[in-house]
Amino acid sequence: MKSRFAPSPTGYLHIGGARTALFAWAWAKKQHGKFVLRIEDTDLERSTQVSVDAILQGMDWLGLDYDEGPFYQTDRFNRYKQVVQQLLDEKKAYYCECSKERLQILHEDLIKQGKKAKYDGCCRDKNLNIGVVRFNNPEEGLVVFNDAVKGQISINNKELDDLIIARSDGTPTYNLTVVIDDHDMQINCVIRGDDHINNTPKQINLYQALGWHLPKFAHLPMILGSNGARLSKRHGAVSVMAYRNAGFLPECLLNYLARLGWSHGDQEIFSTDEIVKLFELKNINKAPASFNQDKLLWLNQETIKSSSIENLLNNLTWHFQNQAITVTDTPDIKTVVQHLQDRCKTLVDMAGEVKMFYQDFDTFDEKLATKHFKDKTPLKHLLTKLEAISTWQANNIKQAVKEVCFELNIGFGKVGQPFRLALSGNGNAGSIDIVAELVGKDKALSRLKMAISF
RNA sequence: GUCGCCUUCGUCUAUCGGUUAGGACCCCAGGUUUUCAUCCUGGUAAGAGGAGUUCGAUUCUCCUAGGCGAUGCCA
C-alpha cells in the first residue's frame, strides 16, 4: 500500500492540506505501507521555492515524515512529454489551436442553451501539429468508481470534454501529471480533497487510455470556516506554522485535525500513535466540517496537561527564543514547567509565565497594584516573617503567610493576593508558596520590598 | 445555466430500522480553590422540508430547498 500527499507550492501549508496529509500519512502507517511527498509545481507562474520550503517546514513540525520524496514534477517533464507523445501517436490525443475567444463564445452559447460548457471537439480530426494537446475523451458511457469515503460515484462521459493535457508551450497540466506520477510512483491509494471528485472521472479515462491500473480513491470533505464558507484568514490562522507560533503543540493540531471529519466512537483525545492505530477510511465523515478555535484551544490545554515535561520543553524552546527568555539553572526549568502544566492553554502563555522565574520586572499591573497594595501592613509583616526563614521551602513560606493572617486576624487572600502580585508583577501565578520557593528567597524579598514602596 | 458532492444540538461528532437520539467544545447554574486556571456536579440545545417503503424511520428510496465543488493553457 502506498499513499501520497501532493500539494502545489503556491502558498504555505494550510490547515486543510495538513489534514489531507495526516490522513494519507496515517493510513499508510497503519498498513505499514509507504507515504510519498510530491510537490506539484507544474504551474511555473505560481509555484515558488518559498512555498516549497514552507510546506516542508510544516510537514516537519507536524512530524509527518515521508518514506519517499519530496519529488518535484518539474523534474519529470521529459516523462510527461513522452506520455503526451504516446497518446498523440495512438490517436488518443490531438493538437488544438482554438483561440480563447472562440472557446469563450462557445461556452457562453452553451450556457445560454442550458447546456454544460465544454469543448466541442472542433480540432479533433484536423491532424494539427501545433497548439495545446487535448485528450480524446470518450463521448459515451458512464465513469463509475467506488470512493472509499463517498461511496459509489458516477458521471456520464457526456459531461466531460476533451481536456487539455499539454499547454501550447509544451508543459503538461495537472490531470495528466497526477495520473502519470501516481502510476509511476505506484500509488495505489489516492487520498485528497473532495474538490478533486470532478477531476477523477477525467483521470480514470486517462488511466484507461494508458492501460494502467486504477488506484483506490478516497475524497475528503473540505474544512470550512466558522460561517460555513471556505476556510480563510478571517476565521483565524490558516497556516499550520501560525499555530506553532500561537503556542499549539503539533500533536494537538494533529489530534484536532483528525477529529475534524474522522471519529472513533466518542473518543476525543488521541495520541498520534493512537490515530495511526485506530484510523479507518470508512470512519471518515462525508460532510464538510467547520474549524472551531475554542475546541482546539481546549484540546491544546488537555494535550499540555498530559504531555511529558521533556516534550513540553522541546516545544517551548522556540517560544523562549521568540519571547527573549533566557532560562538559567535555578530554578530548575523542569520544576517550573511542571508547576505551570495545569494552568496554561498555550505554550505562549506558558512561556509568558516562565518569565517571572528568571527575569525581574520594574513595574506592577496598575489596576491590581492599586487594589492589592492599598494596605501595606500585611506585606510588611510578611517581609519580616520571610526574612527570618532559614530554609526557603514552600511549607515554611506557607506557614509564614498563615502566621501573618493569624496575627493580623485577616483571611489568607488578604496576604496571599498581594504577595502573588508582588512576586509575579501581573498577579498571574499559581500556588503562592511553590511560586515563592521557585522564585528564590533573594528575588522574592526584593520584589516584596518593591511592592511595599509602590 | 449544467453536472457532481453534502445535510443530526451554535460547532465537532456517535447511532450496524426499534435509543428518554449519546459524547465533546462553547454557554449557563452550582460546588472545591489563596487570583487565574485546574477539578467536580447539573443544565440548555439537534435528525433541512415533503412524499414513499415498513408494524416501526435519523437510519432505505425519491423529490424540493440550501450549502459546497467543478465547469481554467490552476492544482
Side-chain angles (χ1 to χ4, degrees), chain A residues 6-10 40-43 45-47 73 96 100 103 107-108 110-118 131-134 147 149-151 153-156 158-161 163-169 171-175 177-178 192-202 219 221-222 224 226 228-230 256 259-269 283 285-299 301 305 340-345 349 353 368 372 398 401-402 405 411-421 424 426-433:
Chain A
S8 60
T10 53
E40 308 216 323
D41 54 355
T42 51
D43 185 345
E45 307 258 308
R46 300 197 304 149
S47 300
Q73 293 193 316
C96 162
K100 286 182 182 173
L103 262 21
H107 287 179
E108 281 168 6
L110 285 166
I111 287 172
K112 221 176 277 173
Q113 291 176 46
K115 290 180 183 167
K116 179 129 182 163
K118 52 181 233 180
V132 300
V133 179
R134 286 184 184 272
D147 192 273
V149 174
K150 308 270 186 174
I153 293 174
S154 75
I155 293 180
N156 198 311
K158 286 192 174 72
E159 300 300 327
L160 272 26
D161 66 357
L163 66 144
I164 292 171
I165 55 176
R167 304 182 181 94
S168 42
D169 65 0
T171 57
T173 60
Y174 168 73
N175 282 297
T177 58
V178 250
R192 71 213 325 184
D194 71 2
D195 48 334
H196 286 292
I197 283 189
N198 296 284
N199 290 323
T200 308
K202 303 176 194 173
H219 286 98
M222 315 225 78
L224 309 174
S226 44
R230 207 172 173 150
Y256 180 75
R259 214 39 207 77
L260 211 54
W262 172 80
S263 62
H264 181 256
D266 284 339
Q267 190 172 345
E268 294 288 348
I269 296 175
N283 289 332
N285 212 110
K286 292 167 193 258
S290 293
F291 196 85
N292 185 265
Q293 294 282 344
D294 284 335
K295 188 161 181 179
L296 176 64
L297 213 48
W298 166 79
L299 190 59
Q301 188 166 14
K305 282 197 292 190
L340 259 21
Q341 194 170 18
D342 283 347
R343 15 184 312 106
C344 297
K345 279 189 162 65
D349 292 349
E353 292 205 28
L368 292 172
H372 294 299
K398 189 167 194 167
V401 177
K402 276 185 178 166
C405 294
F412 201 105
K414 291 277 186 218
V415 186
Q417 230 22 259
F419 189 24
R420 190 190 314 277
L421 180 60
S424 63
N426 58 16
N428 231 310
S431 192
I432 189 66
D433 46 344

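The figures here come from the full heavy-atom set of this structure, side chains too, leaving out hydrogens, waters and symmetry mates. Chain letters run A, B, ... following the sequence lines, proteins first and then strands; every chain starts at 1.
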Using whole Å, what does the distance between atom [atom2] of nucleotide [N] and atom [atom1] of [X] come to?
{"X": "A:Arg134", "N": "B:rG72", "atom1": "CZ", "atom2": "P", "result": "9 Å"}
{"X": "A:Ile165", "N": "B:rC73", "atom1": "CD1", "atom2": "P", "result": "13 Å"}
{"X": "A:Arg259", "N": "B:rA14", "atom1": "CZ", "atom2": "P", "result": "7 Å"}
{"X": "A:Leu163", "N": "B:rG72", "atom1": "CG", "atom2": "C1'", "result": "11 Å"}
{"X": "A:Leu421", "N": "B:rC36", "atom1": "CG", "atom2": "C1'", "result": "13 Å"}
{"X": "A:Asp195", "N": "B:rG4", "atom1": "CG", "atom2": "P", "result": "18 Å"}
{"X": "A:Asn175", "N": "B:rA70", "atom1": "CG", "atom2": "P", "result": "12 Å"}

Looking across every strand, which nucleic acid part, if any, lies under 4.0 Å from [X] by heavy atom: base, sugar-phosphate, or nothing?
{"X": "A:Gln267", "value": "nothing"}
{"X": "A:Ser263", "value": "sugar-phosphate"}
{"X": "A:Gly430", "value": "base"}
{"X": "A:Ala289", "value": "sugar-phosphate"}
{"X": "A:Thr42", "value": "sugar-phosphate"}
{"X": "A:Asn285", "value": "sugar-phosphate"}
{"X": "A:Ile197", "value": "sugar-phosphate"}
{"X": "A:Glu159", "value": "sugar-phosphate"}
{"X": "A:Gly427", "value": "base"}
{"X": "A:Lys115", "value": "base"}
{"X": "A:Lys398", "value": "base"}

Does [X] place a side-chain N or O at less than 4.0 Å from the phosphate oxygens OP1/OP2 of [N]?
{"X": "A:Gln113", "N": "B:rG1", "value": "no"}
{"X": "A:Arg167", "N": "B:rC74", "value": "yes"}
{"X": "A:Thr173", "N": "B:rC73", "value": "no"}
{"X": "A:Ser290", "N": "B:rC12", "value": "yes"}
{"X": "A:Arg420", "N": "B:rA37", "value": "no"}
{"X": "A:His107", "N": "B:rG72", "value": "yes"}
{"X": "A:Lys305", "N": "B:rC39", "value": "yes"}

Is there a Watson-Crick or G-U wobble partner for [N] with both distances under 3.5 Å, and if so, which one is it?
{"N": "B:rC5", "result": "B:rG67"}
{"N": "B:rA37", "result": "none"}
{"N": "B:rA45", "result": "none"}
{"N": "B:rU19", "result": "none"}
{"N": "B:rU53", "result": "none"}

Exercise for the section: May I have the step-by-step check of side chain to side chain contact (heavy atoms under 4.5 Å, CB included) for A:Thr200 and A:Arg192, ending in yes or no? Expected result: CA-CA 11 Å; A:Thr200 308; A:Arg192 71 213 325 184; 3.3 Å; yes
Which value, in whole Å, describes the distance between the [atom1] atoms of nucleotides [N] and [M]?
{"N": "B:rC26", "M": "B:rG18", "atom1": "C1'", "answer": "33 Å"}
{"N": "B:rU71", "M": "B:rG23", "atom1": "C1'", "answer": "41 Å"}
{"N": "B:rG49", "M": "B:rU59", "atom1": "P", "answer": "11 Å"}
{"N": "B:rG30", "M": "B:rA51", "atom1": "C1'", "answer": "48 Å"}
{"N": "B:rA14", "M": "B:rA24", "atom1": "C1'", "answer": "11 Å"}
{"N": "B:rC16", "M": "B:rA57", "atom1": "C1'", "answer": "15 Å"}
{"N": "B:rC55", "M": "B:rA48", "atom1": "C1'", "answer": "27 Å"}
{"N": "B:rG72", "M": "B:rG67", "atom1": "C1'", "answer": "23 Å"}

Practice task
Report yes or no: is there a donor-acceptor pair, N or O only, under 3.5 Å between the side chain of A:Asn199 and the base of B:rA70?
Solution key: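 Checked by distance alone, the answer is no.
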Problem - Of A:Trp298 and A:Ile155, the one whose closest RNA chain B nucleotide lies more 5' - result: A:Ile155
Handout entry: Closest-nucleotide ordering on RNA chain B, the 5'-leading residue of A:Lys112 and A:Glu40
Key =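 In this pair, the answer is A:Lys112.
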Problem - Steps toward side chain to side chain contact (heavy atoms under 4.5 Å, CB included) verdict (A:Lys295, A:Glu268) - result: CA-CA 10 Å; A:Lys295 188 161 181 179; A:Glu268 294 288 348; 3.1 Å; yes
Problem - Selection from B:rC74, B:rC25, B:rC68 that lies nearest to any side-chain heavy atom of A:Met222 - result: B:rC68
Practice task
Flag yes if more than 12 heavy atoms outside A:Glu45 fall under 6.0 Å of its CD atom; otherwise flag no.
Solution key: no
Problem - Modelled atom types, side-chain donor and acceptor of A:Ser431 and A:Asp433, under 3.5 Å - result: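 Present: a donor and an acceptor within the cut-off.
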